[in-house]
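These notes concern the structure reproduced below.
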Amino acid sequence: MAIRFDAGAAQEYWQLDISVLDAVNQAIDELSYRGNEVGEEFSHCSNPKFAGCKAITLQDVDIRIVFRITNDIAEILRVAPVSKIMAADAPNHRVLEHFPGNHRNEFILAIQKWKQEYEH
């Protein structure tokens with residue numbers, strides 16, 4: 001199976017500490033050989049970019065690889081510390097209490113858009 005990195009994931013990959021690269025590269029090799037058999041569903045994330053994705057969590061090095069498989073291509077969307085992925089994608093529920101009904105979703109989408117613009 002071919003591996004393709006999303007632009008953001010490639011940047012995250014190159015910024016990883018050299019001490020974790022061996023474990024990350026082994027996981028990516030495993031993904032290329034066993035594609036659909038590895039990883040767990042990544043359904044607890046509120047970000048629509050990760051809908052239908054799977055994740056490999058490397059607990060020893062605290063890294064999560066988020067990927068999506070389409071047409072025998074594994075597209076890697078994130079390669080980052082678990083805590084960074086969870087913090088970036090989890091909405092602040094205390095703030096959301098102030099927004100009624102559908103306005104919560106609009107607020108979450110606005111924050112995600114702002115983060116994307118700010119990071120690039």
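Nothing fancy with the numbering, it's 1 onward along the sequence.
In this structure, Val79 and Trp14 have side chains that are not in contact, with every pair of non-hydrogen atoms separated by 4.5 Å or more. Residues Gln26 and Leu58 fail the side-chain proximity criterion, which asks for heavy atoms closer than 4.5 Å.
For Lys54 (side chain) and Asn36 (main-chain N/O), a donor-acceptor pair under 3.5 Å exists by modelled atom type. Between the Asp6 side chain and the Gly8 main chain, a donor and an acceptor come within less than 3.5 Å of each other. Side-chain atoms of Glu75 never come within 3.5 Å of backbone atoms of Arg68 as a donor-acceptor pair (strictly under, hydrogens ignored).
In this structure, Ile76 CD1 and Phe5 CZ are separated by 4.0 Å, a value rounded to the nearest 0.5 Å. Residue Ile56 holds its CD1 atom at 5.0 Å from CG of Leu31, rounded to the nearest 0.5 Å. Interatomic distance, CG of Leu77 versus CD1 of Ile65, reported as 11.5 Å (0.5 Å rounding). Distance check: Leu16 CG to Gln11 CD gives 11.5 Å after rounding to the nearest 0.5 Å.
Counting heavy-atom neighbours within 6.0 Å of Gln59 CD, excluding the residue itself, gives a total of 12 or less. Other residues, nucleotides and ligands place more than 12 heavy atoms under 6.0 Å from the CG atom of Asp17.
Residue Val38 is not grouped with residue Ile73 when hydrophobic side chains (ILVMFWY) are merged at heavy-atom distances under 4.5 angstrom, including chains of intermediate members.
Here the closest heavy-atom approach between residue Phe67 and residue Gly35 is recorded as CE1-O, 4.4 Å.
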